[in-house]
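The structure appears right after this line, and notes come after that.
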Amino acid sequence: MGSTPMCNLVLFLAILHSVLPFSLGEDKPAESYWLLRFKSGLVDPAGVLDNWSPRAHMCSWNGLTCSPNQTHVLGINLSSSELSGSISHELWHLTSLEILDLSSNSLTGSIPSELGKLQNLQMLLLYRNSLSGKIPEEIGLLKNLQVLRIGDNLLSGEITPSIGNLTQLRVLGLAYCQFNGSIPSGIGNLKHLVSLDLQNNSLDGHIPEEIHGCEELQNLAASNNKFEGDIPASMGMLRSLQILNLANNSLSGSIPVELGQISNLQYLRAISLSNAQLKNLTTLVLSGNDLTGNIPSNFCLSNSSKLKQLFLARNSLSGKFQLDLLNCRSLQQLDLSDNNFEGGLPSGIEKLEHLTDLQLNNNSFSGNLPSEIGNMSNLESLILFDNMITGRLPPEIGKLQRLSTIYLYDNQMSGGIPGELTNCTSLTKIDFFGNHFTGSIPETIGKLKNLNVLQLRQNELSGPIPPSLGYCKRLQIMALADNKISGTLPATFRFLTELNKITLYNNSFEGPLPASLFLLKNLNIINFSHNRFSGSISPLLGSNSLTALDLTNNSFSGPIPSALTQSRNLSRLRLAHNHLSGEIPSEFGALTKLNFFDLSFNNLTGEVPPQLSNCKKIQHFLLSNNQLAGTMPPWLGSLEELGELDFSFNKFHGNIPAELGNCSGLLKLSLHSNKLSGNIPQEIGNLTSLNVLTLQRNNLSGLIPSTIQECKKIFELRLSENFLTGSIPPELGKLTELQVILDLSENSLSGEIPSSLGNLIKLERLNVSLNHLQGEVPFSLTKLTSLHMLNLSNNDLQGQLPSTFSGFPLSSFLGNEKLCGPPLVSCLESAGQDNKGLSNTAVVGIIVAIVFTSTLICLVMLYMIVRIWYNWRKVSISSTGGGGAEQRREEEKWEYGEKEKRRNGEYWKVNSMALAPSQDKQNPSTCIFHFKMDAEITGNTLV
Amino acid sequence: MAHFYLLSVFLSLLLSFSPSLSSNSEGNALHALRSRLVDPTNALQSWDPALVNPCTWFHVVCDSNSHVTRLDLGNSNISGTLGPELGQLKHLKYLELYRNDIGGKIPKELGNLKNLVSMDMYGNKFEGEIPKSFAKLKSLIFLRLNNNKLSGSIPRELTTLKELKVFDVSNNDLCGTIPVDGPFASFPMESFVNNRLNGPELKGLVPYDFGC
């Protein structure tokens, strides 16, 4: 390529040499000279211009059309000639040129402004190149230009206003460039314009009102720009318009009356003309704008409307289904999807007898599906998903012989699926997901020989699967999940050889699978979870292209077949909650794509096969609740993708491998309820993403590693029921995300509770019971305001409990002999108890104190007796003591509650309360009982 | 009595089942969130919208009815923005998005998370105002929005959050005065430092809002 310029130069000099003598005799150089200059600017790898040589007459050169007298070039057509390079600035010398077609090449550079001098040019075709820069203003000088197509280039800038001078223009193609700015208003001068294509640019602003001047316009395509504002009402005067495509802009406002509705008096003159004017319109595309309001009421005023396609999807249109639309009798495709339409579908919709596609999804249409829809005999696709349609699917639907697609999902439809639906033998796709259909799947479903997709998930279907479903031999996707379907799978399913995906989860299927299912070789995704299937899973393994197999929560039994490994792309294998037995097949090591591996809750035995270390993609490794034994394999640390490891409730023994610390993405590590021993490895601190760590119920010993402080994101930590010793590391206080629980109970931990635990402000449960913890309960623990459950019981804690702990039950603190304060006995009392075994001096002191206090009490009593005797004499009426009165006030509260209950008619409850064992032997009880009776009476009189 | 008990068990079962049978709206909401986030370390790789529910996705925790209760994306090198769809996670209790690079406004729809206990969004690039709708988060205990670029005033509506125990808006660009009512009576001044706040609201005087 490097030699190309040099070649060109040599070529140029040669041309100059040969042409000059010839041209010297003329006033100006001959046209062939300028053509060769033009050639010299081009790179021509295909050799299209090879015969452009001075030795031959230019009229014999490829791609040229000459005048009859062979003196002037009238046309240059070098379209699709693999040319690159740029367009010569000197082409204007070809003054007779009428047609210049350089389209579909790889030309670069700009459009030479000198082209404006080609006064005879009628057709300028430069589309599909890599031209850049702006449209030269001089293009407006081409008075005779009829066709200007320069789209699909890298042109940018604004569309030159001078384009309005091209009054002969019939075709203007500017699509697929990078033009910005707005459409020049001079566009309205182009009286003869038939086609205006501005698609896929960055044009903005309003569509100019003046567009109505383009009286002959048939095709206006301005989609995928940034046009904004209203659609000009004057557009209604474009009487020849056939295609109007304004999709994917930012147009707002309503669809104008001229295309619909008016709100503005100044346009009144246009209304009378409006719809008649647009009677040639066949396609109207306004999808993907921001249009509001409803479709204009007189949209198709006459039944002679030629409108075939009306696409208004993805706007903000609202209101009810516009009945006047039913006058658009020629309509074949109607797309109103993704708007805010509401209300029912009119029964008159049958008037749209030519309609093939009715797309109303993602609106708020409600009410029933009119039975008249069965008369729309041309209907091929009925797409109504994501609305609020209720009621039954009318049996008349069965008359639609051409219906291929019916999407009713995410509605509120109910009743049975009519058997007549199976008369629609053209059906390929049925999607009723997320409705309330009841009853069973029609017995005759097997008539739908073309059915590819049957999606009935999340309905209330019951009964067994009709065997005829197996005759829908083209079926690729069968989704019956989340229903109440029962019975066994019919053996006819063996005919569904194209079946790719089958999801039956959350139903009531039962029994063993038909062995013939093994014939389904194309199965890719199987989800039978949450049913009651039993027997062997082998019938599901005929395919070697399974990617997901989910049989969770069934009653499958027998060993896990090693044949599963024939599906080398298997990524989700979920067999949990079954009765599978035997060992994990070592062949699973071949499943290198395995991502979700869940065999938990089965009866598996043996060890974890070392071959599984090849399954490097495993993210979920779940083997819990089996009888697996052996040691935890150190290669687990090489599973870099591991996020969840659950080996809990097995019989694993030996150490926790330190290599696990390499699984830096691990979020959940559950090894509890095994026989693991040794220390918790220091490397646990490398698991900085860890959320959950459960190691309880093992034989772990040694210290709690302080490195655990690095697991900053941990919210659940359970180390209970082990043989851990030493003190609780204060670093635990740095795990401020701890929330679910911190459980260190039933170990041999000693020392004091670190006050740093008070930093765990999100903690809801703290259990350090059944250890040998000493010292006082740190006051900082009162900062744990989220704490629901606290268990400090059965330790050697001492001192006074912080008063805020009085709300916790007694059991939270029992078994700490030296601990006192509510809810335990008050510290004064416990001090008394404490002193029982104290030294003699202390005993003497206590005796002195006792003697002193008892003397004091005697004096007080003497004083009281004197007072009482004094009062007796005065009033001679006795009363109960002060303490009793207080108790009574409490009982009064109880009583109030009872009274409330009595009013609810539960009389018997009062008596049962009165006879409550805690009260009936107490002294004041009779008193209370009377009081209660009084209250009852009061209650009755009040009612 | 026994009948009543059975009935109530039946009803509670019904109640607990019907929402879980609704389509995968929580998964869809999370997936919509994912589409707004930039995730260079692939923390959200496991968020596959084709799955029945999001409960096997990493960093997502569900309750026994398959409702999302925790979203743990703290310290995950995530940028991008949040969207209104997060407000659909009606059962969410813990929203942990701290120490990332998430920007844009905090969606007001987060106020719909009625069960939220903790909203930790500190250490991001959130801007705009603290949504007033947070006053609807009646279960909220922890609200930490510190070290962001939040502006505007502290909504007075937050004083109605009776459960709120930990509140931190330090290191933002907030203005106006600091509320003193309700739980705000007990928050330390460190929770408000490095803003353009004008100190505690003066009770009894006409309320003033300098620079807000």
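In the text below, chain A, chain B and the rest are named by the order of the sequence lines, each starting its count at 1. The basis for the numbers below is simple: all heavy atoms, side chains too, and nothing from hydrogens, waters or symmetry mates.
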Can you tell me which portion of Gln45(B) sits under 4.5 Å from chain A's heavy atoms? Options are side chain, backbone, both or neither.
side chain
Within 6.0 angstrom of Lys501(A) NZ, more than 12 heavy atoms from elsewhere
no
Inspect the surroundings of NZ in Lys138(B) and state if more than 12 heavy atoms from other residues, nucleotides or ligands are less than 6.0 Å away.
yes
Arg70(B) side chain reached by Phe715(A) side chain, heavy atoms, under 4.5 Å
yes
Report which part of Ser786(A) has an atom under 4.5 Å of a heavy atom belonging to chain B: side chain, backbone, both, or neither.
side chain
Salt bridge (Lys or Arg N to Asp or Glu O under 4.0 Å) filter on Arg144(B), not counting sequence neighbours, yields Asp120(B)
Residue part contacting chain B, namely of Glu764(A), when any heavy atom lies under 4.5 Å
side chain
Would the number of heavy atoms belonging to other residues, nucleotides or ligands and lying under 6.0 Å from NZ of Lys712(A) be above 12?
yes
How long is the span from the CG atom in Leu667(A) to the NE2 atom in His59(B), to the nearest 0.5 Å?
5.0 Å
Is a salt bridge present between Glu96(B) and Lys762(A), judged by a nitrogen-to-oxygen distance below 4.0 Å?
yes
So for Gln739(A), is it side chain, backbone, both, or neither that comes closer than 4.5 Å to the heavy atoms of chain B?
side chain
Evaluate whether atom NZ of Lys484(A) has more than 12 neighbouring non-hydrogen atoms of other residues, nucleotides or ligands under 6.0 angstrom away.
no
Within a 6.0 Å radius of atom NZ on Lys165(B), are there more than 12 heavy atoms belonging to other residues, nucleotides or ligands?
yes
What one should report as the nearest heavy-atom pair of Tyr122(B) and Glu737(A) is OH-OE2, 4.1 Å
Side-chain heavy-atom pair Asp48(B), Arg572(A) within 4.5 angstrom cut-off
no
Lys734(A) atom NZ, over 12 foreign heavy atoms within 6.0 Å
no
Output the distance between atom CZ (Phe142(B)) and atom OG1 (Thr785(A)), rounded to the nearest 0.5 Å.
5.5 Å
Greatest number of heavy atom pairs closer than 4.5 Å to chain A - which of Ile141(B), Thr56(B), Val117(B), Val61(B):
Thr56(B)
Gap between atom CH2 of Trp57(B) and atom NE2 of His620(A) - 0.5 Å precision
11.5 Å
Backbone N/O of Gly74(B) and side chain of Lys713(A): donor-acceptor pair under 3.5 Å
yes
Would you indicate whether Lys108(B), at its atom NZ, is surrounded by more than 12 heavy atoms from other residues, nucleotides or ligands within a distance under 6.0 Å?
no
Approximate separation, where rounding is to 0.5 Å, of Leu51(B) CG and Asp550(A) CG:
9.5 Å
